[in-house]
Amino acid sequence: MTTVPKPEAPHGKIVDNIVHFARTLRKAGLPAGPSSVVDAVRAVEVAGISNRDDLYWTLHAVFVRKREHRVLFDEAFRIYWQSRGLIEKMLAILSPVAPPRGKPEKPKAGQTRVSQAFQAAKERASEQTKPEVEVDAKFTVSGKELLQAKDFAQMTAEEVEQAKQALRSLSLSMDKIRTRRLSPAPRGRIDPRRTLKSSMRAGGDIIDLKFRRHQEKRPPLIALCDISGSMSQYTRLLLHFLHGVTEQRRDVHTFLFGTRLTNVTRQLRMKDPDEALEACSDGVEDWSGGTRIATALHDFNRVWSRRVLSGNPTVLLITDGLERDTDEDLEREMDRLHRSCRRLIWLNPLLRFDGFQAKAKGIRAMLPHVDEFRAAHSLNAVEDLVKALTGGREMGSGSVSPRTWLK
């Protein structure tokens, strides 16, 4: 009778590597606690280690609990559990100015957060060996205040990541509007039907008045985002804000346009923000290309307006207004869009310049058909927009009347 040998218990470097790998996953955003580390060590002990794929799927079964965790786990495992080419790939991730070797690969979803998790561990180890230096910051400006007012186009890679986190954390409840539908209420106008039915239950002797009033609901939010070359960097960051809003509410629809119109609402409903933005990039063929605002608005008004512009929505038009099509078509499509929604807000990054003037023909053709004209170049500008939409103010802080620029 032959006996099957038991798998050897993992000891030595493999246990330490699993512990450090779990710390990296936790730093990247996965819920990898101490119990998960113990389960991972026991799973490797039971399954044994025969090849790299066995280790991958054993750890995958322990640490990956949701679908959105797969992207981060796969990227972290690929970088952590390899020896060949590790230094070169880490330098390629952490040094965007380094010249690429061969054909550059497209960044994968979750790659930035995983690389930052590795970098944070290295910095923590190096800081333990450095002497402490006391810095007097009494008369310095807060870093958070500088980040809030800084232009998106002038941010470093680290500041961009901080801005993404801040944009995704913004809460947008929006103001409520009254609908024509009536619902039961403790006070309001008398509901004859319910009052009569209640009286008949008591034999007609007692009349218990029932009331009703108009229902209130939050209007849908529609975003039309320009992804041309001049707007690409601003749109990428604002998509993180729209991703956070889409997680909070279901009545949010997002469209991207350059030379054509693309609906990315389904992509932005993915849980992982990096995966959602990567899906948006994959679904768009004209990113950082030219812009045809009139053509995109015509496609939206003809194909999508009846589907998404019900319920008195608020429309955010994110573009710089530098149009290449005819002014007559642009003005006609803007007028139709304005009449189809409750509130049309134009977010233009060009307002960051103090000397901005509405001299371009495309901008002057669009301004008469918008309700608000706002900047969208910094965190402060986006927060002012959120406050205005939440409080229901037609002209909040940071807003400029379109009539001012047409004089």
Side-chain angles (χ1 to χ4, degrees), residues 17-33 36-37 39-40 43-44 52-82 85-86 88-96 100 103-122 157-158 160-169 227 235-248 252 254 256 262-284 287:
N17 282 325
I18 292 177
V19 173
H20 288 292
F21 179 63
R23 292 176 181 174
T24 303
L25 292 178
R26 185 165 57 252
K27 190 69 177 179
L30 265 68
S36 299
V37 177
D39 294 340
V44 172
R52 189 172 183 271
D53 291 338
D54 291 343
L55 179 62
Y56 175 88
W57 290 112
T58 302
L59 298 180
H60 184 280
V62 176
F63 292 113
V64 178
R65 301 177 182 178
K66 295 183 179 180
R67 181 181 178 274
E68 55 267 22
H69 295 167
R70 298 177 182 177
V71 179
L72 290 175
F73 177 84
D74 183 73
E75 187 66 21
F77 187 91
R78 184 183 65 85
I79 297 178
Y80 191 90
W81 297 97
Q82 68 176 353
L86 175 62
E88 289 78 9
K89 291 190 177 182
M90 287 299 298
L91 288 177
I93 295 173
L94 301 176
S95 303
K103 186 177 180 180
E105 297 181 357
K106 187 177 180 180
K108 297 182 179 180
Q111 189 179 69
T112 302
R113 281 185 285 172
V114 172
S115 63
Q116 287 181 347
F118 281 106
Q119 183 67 11
K122 292 183 178 180
E158 182 180 357
V160 168
E161 293 302 320
Q162 296 177 7
K164 290 178 181 179
Q165 296 291 337
L167 289 172
R168 285 196 294 265
S169 63
I227 54 172
T235 301
R236 284 186 184 276
L237 287 174
L238 291 175
L239 282 177
H240 285 270
F241 165 67
L242 293 173
H243 177 266
V245 176
T246 306
E247 281 188 330
Q248 301 170 12
V252 179
T254 305
L256 304 180
T262 306
N263 186 5
V264 294
T265 303
R266 181 175 299 178
Q267 289 85 335
L268 286 181
R269 287 176 180 168
M270 296 180 177
K271 293 295 183 180
D272 188 270
D274 294 333
E275 188 179 2
L277 268 295
E278 183 183 13
C280 291
S281 301
D282 294 340
V284 176
W287 198 292

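Each residue takes its place number in the sequence, starting with 1.
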Looking at CG of L277 and CG of L268, how far apart are the two atoms once the value is rounded to the nearest 0.5 Å?
7.0 Å
A40: partners by side-chain contact (heavy atoms from CB on, under 4.5 Å), with sequence neighbours left out
I18, L59, V62, F63
With a 4.5 Å heavy-atom cut-off, do I79 and T24 have their side chains touching?
no
Just how far is it from atom CZ of R52 to atom CZ of F77, taken to the nearest 0.5 Å?
5.0 Å
Quick one: CG on N17 to OH on Y80, what's the gap to the nearest 0.5 Å?
4.0 Å
Which atoms form the tightest heavy-atom contact between S36 and P31, and what is the distance?
OG-O, 4.1 Å
With sequence neighbours excluded, what pairs up with T262 under the side chain to side chain donor-acceptor pair (under 3.5 Å) test?
none
So which atom in G33 and which in R26 form the shortest heavy-atom distance, rounded to 0.1 Å?
CA-NH1, 4.2 Å
Between CG on residue L72 and CG on residue L25, distance to nearest 0.5 Å:
8.5 Å
Applying side-chain contact (heavy atoms from CB on, under 4.5 Å), can you list everything that pairs with R269, at least two apart in sequence or on another chain?
T246, R250, H253, T265
Would you please name every residue forming a side chain to side chain donor-acceptor pair (under 3.5 Å) with H243, sequence neighbours left out?
none
Check ring pair (Phe, Tyr, Trp, His ring centres under 6.0 Å) between H60 and all other residues, then give those that pass, not counting sequence neighbours.
Y56, W57, F73
Within a strict 4.5 Å, meaning less than it, do heavy atoms of the V64 and D74 side chains meet?
no
Chi angles and distances behind the side chain to side chain contact (heavy atoms under 4.5 Å, CB included) call for Q165, H240:
CA-CA 8 Å; Q165 296 291 337; H240 285 270; over 6 Å; no
To the nearest 0.5 Å, what is the distance between CD (E161) and CG (L237)?
9.0 Å
Is any side-chain heavy atom of Q267 closer than 4.5 Å to one of E275?
no
